[in-house]
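Chain A is the first sequence line, chain B the second, and so forth, proteins listed ahead of strands; every chain is numbered from 1.
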2 protein chains.
Amino acid sequence: MLTVTTVNVNGLRAASKKGFVPWLAETAADVICLQEVRAELDQLPVEVRAPEGWFATYAPAAAKGRAGVALLTRREPDAVRVGFGSAEFDTSGRYVEADLPGVTVASLYLPSGEVGTDRQDEKERFMAEFLPYLVELKGKAAADGREVVVCGDWNIAHQEVDLKNWKANQKKAGFLPEERAWLTRVLDEAGYRDVVRTLHPDVAGPYSWWSYRGKAFDNDAGWRIDYHMATPTLASRALKAYVERAESYDRRWSDHAPVTVTYEQ
Amino acid sequence: MLTVTTVNVNGLRAASKKGFVPWLAETAADVICLQEVRAELDQLPVEVRAPEGWFATYAPAAAKGRAGVALLTRREPDAVRVGFGSAEFDTSGRYVEADLPGVTVASLYLPSGEVGTDRQDEKERFMAEFLPYLVELKGKAAADGREVVVCGDWNIAHQEVDLKNWKANQKKAGFLPEERAWLTRVLDEAGYRDVVRTLHPDVAGPYSWWSYRGKAFDNDAGWRIDYHMATPTLASRALKAYVERAESYDRRWSDHAPVTVTYEQ
DNA sequence: CATTCTAAG
DNA sequence: CTTAAAATG
């Protein structure tokens with residue numbers, strides 16, 4: 001059994017003050033993929049920089065206070081790689097992967113974007129570069145007889161069922177036709193499986209992100225943008241999935257909820 | 001009797017959340033000179049933007065969130081003037097004056113500065129422009145048979161007795177020889193009186209500012225940089241002076257304390 | 001609406 | 001150490 005959690009922490013320093021530390025102490029996960037750490041190593045409290053019982057692999061962004069991904073693993077990885085061979089993005093704190101026995105686990109933080117801005121152009125460049133890498137990653141892993149799961153904040157809701165207000169968001173970044181089509185290519189061309197959707201084909205959501213603005217959380221006006229994208233064999237071994245939505249607005253320590261999948265080994 | 005208070009609020013929005021509002025409700029002052037308001041009018045809660053029983057004259061800086069002075073008067077001023085005829089400083093939220101019967105009261109926020117920076121150059125330019133204005137102001141007032149008091153944060157401690165650690169601060173902005181000499185000229189050349197010092201010639205302080213850094217407040221490592229500079233006749237009418245140091249670190253609503261003087265009329 | 005950085009103090 | 005803005009999400 002391998003339990004993998006992914007969660008965008010929206011600033012690990014802030015999250016650590018609001019409940020991330022006890023959450024970490026109680027989780028049953030074997031691997032945790034973090035996004036939006038937004039800190040240098042030495043800015044983090046020691047309980048999260050080097051948590052007891054975990055191996056921590058941090059990939060901060062070159063720009064202070066931005067992005068940043070990490071992997072927490074209960075056992076030491078056989079290998080760790082930061083970035084995916086992109087001159088533009090490898091120092092931007094958006095991708096890290098680790099080899100564990102039989103499986104490569106990655107933490108991805110895809111750029112956010114907003115229509116008509118440079119950020120959206122950046123998001124599109126990332127998508128264009130990252131899709132071929134997914135294909136390559138899957139090929140290398142297959143040659144090695146290993147499975148792959150790329151977890152993280154993909155910043156795109158795939159289908160209408162993946163966000164509460166899909167009608168109002170058809171021209172919004174995160175639910176644009178071209179972004180949705182790109183996610184379809186991740187599945188159909190690169191050959192990954194959306195593990196949570198595969199386990200729960202017909203439910204709305206389960207959402208994993210609610211804006212801090214307005215009453216989005218209380219109205220459950222959420223988006224499903226945090227995914228486990230796994231190679232088919234690993235996906236077929238998924239036993240259960242769970243989105244850990246906080247009980248109330250003020251018990252949250254991030255605007256995202258942890259998304260956990262348990263895989264049979 | 002005319003009671004005048006001056007206080008640098010270090011952000012009136014923050015101060016309003018921490019105790020400025022009840023302080024204002026209970027003060028016996030007739031005129032309050034505020035510095036470092038750091039807000040536009042419409043960013044302020046209505047209880048301070050238009051407090052009941054007061055006339056409020058705000059002179060915000062053109063730069064958002066910076067400087068800003070104001071006058072609160074229990075009666076409506078006969079006239080109000082923003083700035084002192086300086087192309088550089090009249091829109092910088094550093095000076096406002098109001099005519100009340102027999103007396104002109106001004107709120108001044110002299111630039112802060114730091115040795116070796118552009119800010120210090122700015123402070124020096126302000127000083128160079130402001131001294132002649134003080135002379136002019138006094139002359140016009142005399143011709144009109146009125147007194148003058150320029151209250152505010154002058155950002156200079158005059159003598160060794162005006163700050164706790166004068167030895168360690170001899171090369172620090174706020175206690176440089178040239179700044180101290182300039183304050184002497186305000187007294188000797190422009191002919192103003194330092195009202196609080198005149199009433200209390202021999203005491204240490206009373207300090208009106210304690211840095212937020214370190215334990216400055218608890219150690220009373222303060223500076224006397226907030227002054228009532230009055231024309232001699234008005235100064236001679238000062239009956240008592242009072243610096244309202246907070247009872248404890250966390251009952252403060254600013255790093256400065258209100259400095260209040262009661263004048264006989 | 002929240003996090004972090006920066007400039008300023 | 002604190003305020004407030006700005007950029008980002």
(request) Examine the base of C:dT4 for any acceptor or donor lying under 3.5 Å from a partner atom in the side chain of A:R38, and report the outcome as yes or no. (result) no
(message) What I want to check is whether an N or O donor and acceptor connect the side chain of A:R66 with the base of D:dT8 at under 3.5 Å.
(response)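 In this structure, the two groups form no donor-acceptor pair.
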(message) Starting the side chain at C-beta, find the nucleotide from D:dA5, C:dG9, D:dA4 nearest to B:A14.
(response) D:dA4
(request) Would you mind telling me which of D:dT2, C:dT3, D:dA6 lies closest to the side-chain atoms of B:K64? (result) D:dA6
(message) Using whole Å, what does the distance between atom C1' of nucleotide C:dT3 and atom CH2 of A:W209 come to?
(response) 14 Å
(message) If you compare every side-chain N and O of B:K17 against the phosphate oxygens of D:dT3 (OP1, OP2), does one of them come in below 4.0 Å?
(response)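 For B:K17, the contact criterion (side-chain N or O under 4.0 Å from OP1 or OP2 of D:dT3) is not met.
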(message) Taking 4.0 Å as the cut-off, does a side-chain nitrogen or oxygen of B:R13 come that near to OP1 or OP2 on D:dA5?
(response)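 Answer yes for this pair, as a side-chain N or O of B:R13 is under 4.0 Å from OP1 or OP2.
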(message) Just to verify, which of A:E124, A:H158, A:M127 counts as forming a side chain to side chain contact (heavy atoms under 4.5 Å, CB included) with A:E179?
(response)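 Of all the options given, the one that passes is A:M127.
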(request) Flag this pair as yes if the NZ/CZ of B:R245 is under 6.0 angstrom from the six-membered ring centre of B:F217 and inside a 45 degree cone about the axis; otherwise no. (result)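 Yes; both conditions hold, so B:R245 lies above the ring face of B:F217.
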Which is true for [X] with a 4.0 Å heavy-atom rule: it touches a base, it touches only sugar-phosphate, or it touches nothing?
X: A:K18; value: sugar-phosphate
X: B:E36; value: sugar-phosphate
X: A:Q43; value: sugar-phosphate

(request) Kindly indicate, with the supporting measurements, whether the criterion salt bridge (Lys or Arg N to Asp or Glu O under 4.0 Å) is fulfilled by B:R180 and B:D162. (result) CA-CA 11 Å; B:R180 299 173 59 190; B:D162 292 318; over 6 Å; no
(request) Could you pick out which residue, B:Y109 or A:Y249, lies toward the 5' side of DNA chain C when each is mapped onto its nearest nucleotide? (result)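 On the 5' side of the pair lies A:Y249.
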(request) Would you check, one step at a time, whether the test salt bridge (Lys or Arg N to Asp or Glu O under 4.0 Å) holds for A:R125 with A:E122? (result) CA-CA 5 Å; A:R125 287 197 303 277; A:E122 183 186 339; 5.1 Å; no
